[in-house]
Each structure stands twice: as C-alpha cells, then as structure tokens.
Amino acid sequence: MSRNLFWYLLFCLSTALLPAAEQKQPNIVVILADDFGVGDIQAHYPKNKIPTPYLDRLVQQGMSFTDAHSGSAVCTPTRYGILTGRYAWRTRLQEWVIAAYEPPLIAEQRLTYPGLLKSQGYATACIGKWHLGWNWPGPQRSQMTEKKNGQWKLTWDFTRPIQGGPVDRGFDYYFGVDLPNLPPFTFIENDRVLVEPTEKFQPDPAEGIVLPKAFTGAPSAPGWRMQKILPELTRRAVKYIEDRAEQKQPFFLYFSMTSPHEPVVPSPPFRGKSGIAPVADFVMETDWSAGQVIEAIDKAGLSDDTIVIFTADNGHSHYTGWNDLIKAGHLPSGPYRGHKGDVWEGGHRVPLVVRWPGKIEADSSSDQMVCLTDLLATSADLVGAKLPAEGAEDSLSFSSALRGTANPQPRTTLVNHSNFGEFAYRDGPWKLVYKLGGRNLEKSRGKPTIAELYNLEADIAEEQNLAPSRPEVVKRMTADLQALIDRGSSRSDQQSRNDGKITFKSTQKLRWAPAND
C-alpha cells in the first residue's frame, strides 16, 4: 500500500468516526401552508386549475408522500402536533381551536421540535402564524373558556411582555401574528407587540373577502392592512435565511404561513391572477411565498445542506370560495371526501413534499403512512439526535422512507380528529370513523357516536360503510383505539398520560376536558 493511499484511508476512517456534533448538520426549513388542500399542488393533480409553479418545482426536486395526514382537520391542534410530536386530543382541548386571548396549549416543560433541535446546537426561529395561545397580560388572566372568543372584549395590557409564546417554547426568535383573523390585529416580535394596537379594527371590503367582521372595534395597529401580512412574513423569512447563511451554526426555520386561510386577501400583484376566484389568487400567492423561501435557500448556496419540508395544517376551507373552485374544475381535496374541519380524508389528508438534494431521491413518491406529528422524530433521526424517554408521544420517524430503505417499524396506524371532536382510526387500509350522533355538535353532546367503517384501498371516496358487514373489524379497531388512548402514546417503547379524560364512544360534553388529577 502506498503512503498516500494509507493516509487517505486513515483520513476517511477518522472522518467517519467523528462525533455527530462535529459533522455538518443539515438546516431544516418547515413551510406550513394554512388551509391548503391535498389537491392544491398542480404537479400532484395536473387536471386541477390553479397554477403552482414554485411548488411544482419542489415536487420535481423532492419526495412526495401520498398518504400524509395532519393530526387534526383544523389549525391549532395540528400546530400543537407538529411542535410537540403529540396528538392534540391528548390535551384538554377536545374540539375547535384556541380562541382569542386563550392561554398556551403547549405546557411549559414539554419537549418541543425547536427545543430538541436547539439542544443539538441549532438556531431556531418561527415566522408566521402561532395560534397556540399566550398568557396575555392584563387585569385578568388568559383562561380556557367554553364560550368561543369570550375574552376578546376584555381589556389587555399591550405594553408588557406576552408569556408562553414561541420564545418560551424553544424558539430563539419569533415574528408574526397570533393569527390573521383574530385580535389583536398587529405583528408580534419575540414576546412583545411590534406596534401597539391603539386603534379600533374596521374591516375594509376592498381588501378581500371573508374578513373578520365580527371583531369590528377590536384592538388594531394604526393603518393595519391585511393584504400586507403574507408579503411581510415572506420578506422576514427570506431575510432570516440570508442572515443565517453567513453563520456556521445550523438553523431550524418554522415558516407558518397565514394563507390561503381567511381573510382571503391576495396582495395587488395576485388579485385576479387566477381568473377563477379570490381564494384561487391567494393559493397562487401562497405558492409564490413558499417559492421565495426556497429560492432564498438556493441563492444562498444552502440547497445541499438544507432539508425543506412543505405541507399544510389541514384540508382546504369550504367557506372561502369552494364552490367557485369546483365550478372551475379545481378539486381542492382531489378524489377525497370532505374538506377542512371534517373527519373525512379531505379534512386531514395533506400534501407533504421533502427535499434534500443528494440525500432524498428527486421527483419520487412514497405511499408510507405519515402524520405531521412524525416530523419531530424524523428530524431527530436525520440530525443524529435521540428522542428522550418522555415527550413526543405520537411521533414515529419516517426517515427510512426518505432514504429509500426498509423501515422495520413503519407507521401503520393513525388517529385523526375533526373540528367537532370526532375521531377516526386508521389501520392499514381500514378507517373507522366515530361520527356525531346528532344533527350538529350541540345536539350531539353526551350522546353515543356512530361507528362507520371504510376500506380506503377499495373505496378512497369513503362512500361504502362496511360496519354492518364487518363487525369483527369494528370490534378489533375499537379496542385498539381505546388501548392507544389509554397508553397515552403511539410509541411502543413508551407509556404516558393524557391531560384529561378522552372519549370517542360519545361526543364530549365540554370543549375543554376537565384536567386529570
């Protein structure tokens, strides 16, 4: 063996044996669209009508998951699941979302996605919509109330720090809005409002549609314009990437978009661009916004060192122009039944595209079942971190699918939750749904739910209820779901505890379940 070859082999061996902390760790950028349907990326559904050139390019560069799901069919619970790796129905929140001025849903000591990466040496930032609650300062405390938005007319002190938000839950930096359609109408940076909301909100019909008219008179920053929210968030996310490119420290960016969620307020360059409806214009602006962030990564020379994840928090909304889209031949839920809020597939089946050049096969797809709670465990795997014994109860890594290798324990079961607190349980192709027993939520409270069974392999549209003909499957899956709930975790190596009493055989009586002792 020549001396040069000897030293080369010795160098390779010593590099391979370096501790993980000394090797280059990938940056991670999660782009979460809001109310963006599984059918809204045109590359996935070429017959659909809204152009999405930036996301189409991402599809060509990465891996698309065809069986990906949010843990819930609405905003707050999905965000909780992403950032904690835990189903949100394990908390006391049993339906709907965090209302205006309600307290943090993520407990102070709970493991979080950014917190785990921060322990691995990452800089962490959240830019965009939070919608997970804060402890707002004022003469009264932020409270969990049964009345939805029952605190918005109370007095709050906007001159003091706001506790329990992103910078108290693992993020080094935060810029964004609590959410675009609830007060206070102002940007928040770290733990303070950026501009004190000293004026009263007055919706401007010229801005767009589905405006938050119910909150007329709520605290608002002077000159607040809803059309400027998404462009400003996009600008800030791009700037963050440009700034981090000059640093050696790996970073995690959670870009939580506010679109195409209501208010539907496409900015001037996108108004009328789709030729279909304002919500279609807003989908196009959402595509553009995601594209700017991805292009910033590429222009900064960070492509090979950055994992980009694009997904959505739930299905497309049915009240922001759904009929206009259907009439134009655009199917936001693709071939699936339902939409945002539903226990049906259209409520929680979401697009999921992951890009990591040289590590993940370009223009590929996977039918591995994935829940967005799995992003935490998967990212831990990819950066060489180990999940702690406590926390991340419902996070199962799909890193093997990303690498194209066999996974000894892939996810085969899944729990989904609707806006009304209905449960659905997947086991392979089988889906067991527990529907409301009455005409609406209020008429159903305390009443038994109705079990329906579907085989998604043969009936993707969920049209044929097999519960009457397959009672043995219903019985087995019901027992399995109960066991998963009682165990407090989806991880086989973990036993945990729910925050309150969880029921699926009857509809919950309260929005906030009583706390466990």
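For this chain, numbers begin at 1 and follow the sequence in order. It should be emphasised that the depicted structure is a prediction, and the values quoted were computed from it without experimental measurement.
Look at E232 and R225 and you find no salt bridge, because none of the NZ, NE, NH1 or NH2 atoms lies under 4.0 Å from a carboxylate O.
In this structure, F65 has its ring center closer than 6.0 angstrom to the ring center of F398. For Y240 and F175, the gap between ring centers reaches or exceeds 6.0 Å. For F310 and Y54, the ring centers sit 6.0 Å or farther from each other.
Taking E361 as the reference, nothing meets the salt bridge (Lys or Arg N to Asp or Glu O under 4.0 Å) condition, with sequence neighbours excluded. Taking the side chain to side chain contact (heavy atoms under 4.5 Å, CB included) definition, one finds that I209 meets it with V264, P278, sequence neighbours left out.
For E463 and Y454, the side-chain atoms include no donor-acceptor pair closer than 3.5 Å. With no hydrogens or angles considered, no side-chain donor-acceptor pair links Q292 and T234 at under 3.5 Å.
Across S70, S256, S72, a single residue satisfies side-chain contact (heavy atoms from CB on, under 4.5 Å) together with R79, and that is S256. With R426 as the partner, the side chain to side chain donor-acceptor pair (under 3.5 Å) test is satisfied by one option alone out of T413, D67, T412: D67.
For residues 345-390, the ring pair (Phe, Tyr, Trp, His ring centres under 6.0 Å) pairs, not counting sequence neighbours, are H69-H348.
No side-chain donor-acceptor contact under 3.5 Å links Y87 to the backbone of S489.
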